[in-house]
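All residue numbers in this chain count up from 1 along the given sequence. Every number for a ligand or one of its atoms is a count from 1 in the order of the listing.
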Amino acid sequence: MTEARYDIPFNRPSLSGDELKYLAEAVRMGHISGDGFYTSKCHDFLERKLGVRRALLTTSCTHALELAALLLDLNKGDEIILPAFSFVSTANAFVLRGARPVFADVRPDTLNLDEEKLPHLITRNTRAVVPMHYAGVGCEMDTILEIARNQNLAVIEDNAHGLFGKYRDRFLGTFGCLAAQSFHETKNVTCGEGGALLINDERFIERAEIIRQKGTDRTRFFRGKVDKYSWVDLGSSYLPSDILAAFLFAQFEAHVQIQASREQIWQRYYGELKDWADGNGVRLPVVPAECDQAYHLFYLLLPSLKQRQRFILRLKERGILSVFHYVPLHTSKMGRRYGGMPGDCPVAETISERLVRLPFYNQLSETEQSRVIDAIREIRV
Ligand SMILES: Cc1ncc(COP(=O)(O)O)c(C=O)c1O
């Protein structure tokens, strides 16, 4: 069934201000390929707002992760530790470079990589850890960073969900040497398909610019640092059109209002579903005190797969689309090729079967949300 048949979809993209004006402006300025006026406005915004050394827009978060993996210079046999409950790109980006993914189970409260499992997964081949901040709620970064420092491992944050979220008052995306953002249609700020690589360790900056520009020193050429540009390293084309950057910049400008409206939606779901959840054995999201979440998504954990499927069906009958999330990576066809077995990551396995995400988008109206809440409260799990 397509989303169009639902009265209340799971996600609905919206304009938040000047998107179309800036898009036309990019065309008028005569530069709609990558690294134009709006791309540099976006870079500037991310660098200032988050306090990262360098931000580079990419065509997706997947590509930002691939760029990060290229920067690590991985060799066959190198191992990367990542949460079993994550999107395929968290693994694929490194697998593409010949590395072996090692799957960590997640914490039952935040559903983030379980830092206590980390020491047991480290071998002499481990090169990096990729924490992913699920739902924009920060991982236990103090512990993860300490373990990584002691073992000389790189930390790459998959911050697809976490833009504007904080851990101990510091923005997510500023902890790892590198971090990847997503501006996919379902994210808080979007340009349809897009992403960014955040660089906190300045040793990576020059090479990241080269890899993103097809392995050439074109960025240095445009800065007047070299008199011609040529092929100098591995690379690909990871830079988005300035048309997408123009759209994205308008969303960045509206980020305060976007975040405020998402916070309000999240708090209303939480407040108005709490009693129903308690009475039905359903668990609501957990946000530790040290985390300011990014208000990226709202999920429920039903008691079992069967009850989750029934719940999705009941909402569907009311014209409301609710969706499950990741299938565990370690038990997927590819995960099993890397040695993953059912039972390896029991928390990831159970939450994957029980989790359901509710409609959540910037312009979800009060009336729409009331319909979702009323429909849920009628369900006896
Ligand atoms: C945790 C995580 N990482 C990476 C991605 C990939 O993002 P993109 O679609 O921008 O490539 C997603 C997709 O939603 C995701 O959930």
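Nearest protein heavy-atom contact of atom 3 (N) of ligand 1 is D158 OD2, 2.7 Å. Among protein heavy atoms, the minimum distance from atom 16 (O) of ligand 1 is reached at Y326 OH, 2.6 Å. Scanning all protein heavy atoms for the shortest distance to atom 7 (O) of ligand 1 gives C61 CB, 3.3 Å.
Contact check on R12 versus E368 returns a salt bridge, with a Lys/Arg side-chain nitrogen under 4.0 Å from an Asp/Glu carboxylate oxygen. A salt bridge links E115 with R107: the closest approach of a Lys/Arg side-chain nitrogen to an acidic carboxylate oxygen falls below 4.0 angstrom. In this structure, K166 does not pair ionically with E290, as no charged nitrogen and carboxylate oxygen lie closer than 4.0 Å. In summary, D7 and R371 engage in a salt bridge, as defined by a charged side-chain N under 4.0 Å from a carboxylate O. Under a 4.0 Å N-O distance rule, the pair R54/E209 qualifies as a salt bridge. A salt bridge is absent between R149 and E146; no separation between the charged side-chain nitrogens and carboxylate oxygens falls under 4.0 Å.
Within ligand 1, counting atoms from 1 as listed, the ones closer than 4.0 Å to a heavy atom of A160 are 1 (C), 2 (C), 3 (N), 4 (C), 15 (C). Close approach of ligand 1 to G194 is summarised as follows: ligand atoms under 4.0 Å from at least one heavy atom of the residue are 10 (O). The atoms of ligand 1 that sit less than 4.0 Å from any heavy atom of S60 are 10 (O), 11 (O).
When only interatomic distances are considered, the shortest N/O to N/O separation between S182 and ligand 1 falls below 3.5 Å. For ligand 1, the polar-atom distance check finds an N/O of K187 within less than 3.5 Å of one of the ligand's N/O atoms. Looking at T62 next to ligand 1, an N or O pair under 3.5 Å apart turns up.
Considering H296, Q181, E66, H184 only, the shortest heavy-atom separation from atom 9 (O) of ligand 1 involves H184. Nearest-heavy-atom check against atom 15 (C) of ligand 1 across F183, F87, Y134, F85 picks out F87.
Taking the ring centroids of F311 and F324, they lie at or beyond the 6.0 Å cut-off.
With a 4.0 Å heavy-atom cut-off, ligand 1 is reached by no atom of H63.
Partner of H133 under the side chain to side chain donor-acceptor pair (under 3.5 Å) criterion, out of H161, E157, Q293: E157 alone.
The aromatic rings of F298 and W266 sit perpendicular to each other, their planes meeting at more than 60°, with 30° as the lower class boundary.
For the pair A180 and ligand 1, no heavy-atom separation below 4.0 Å is found.
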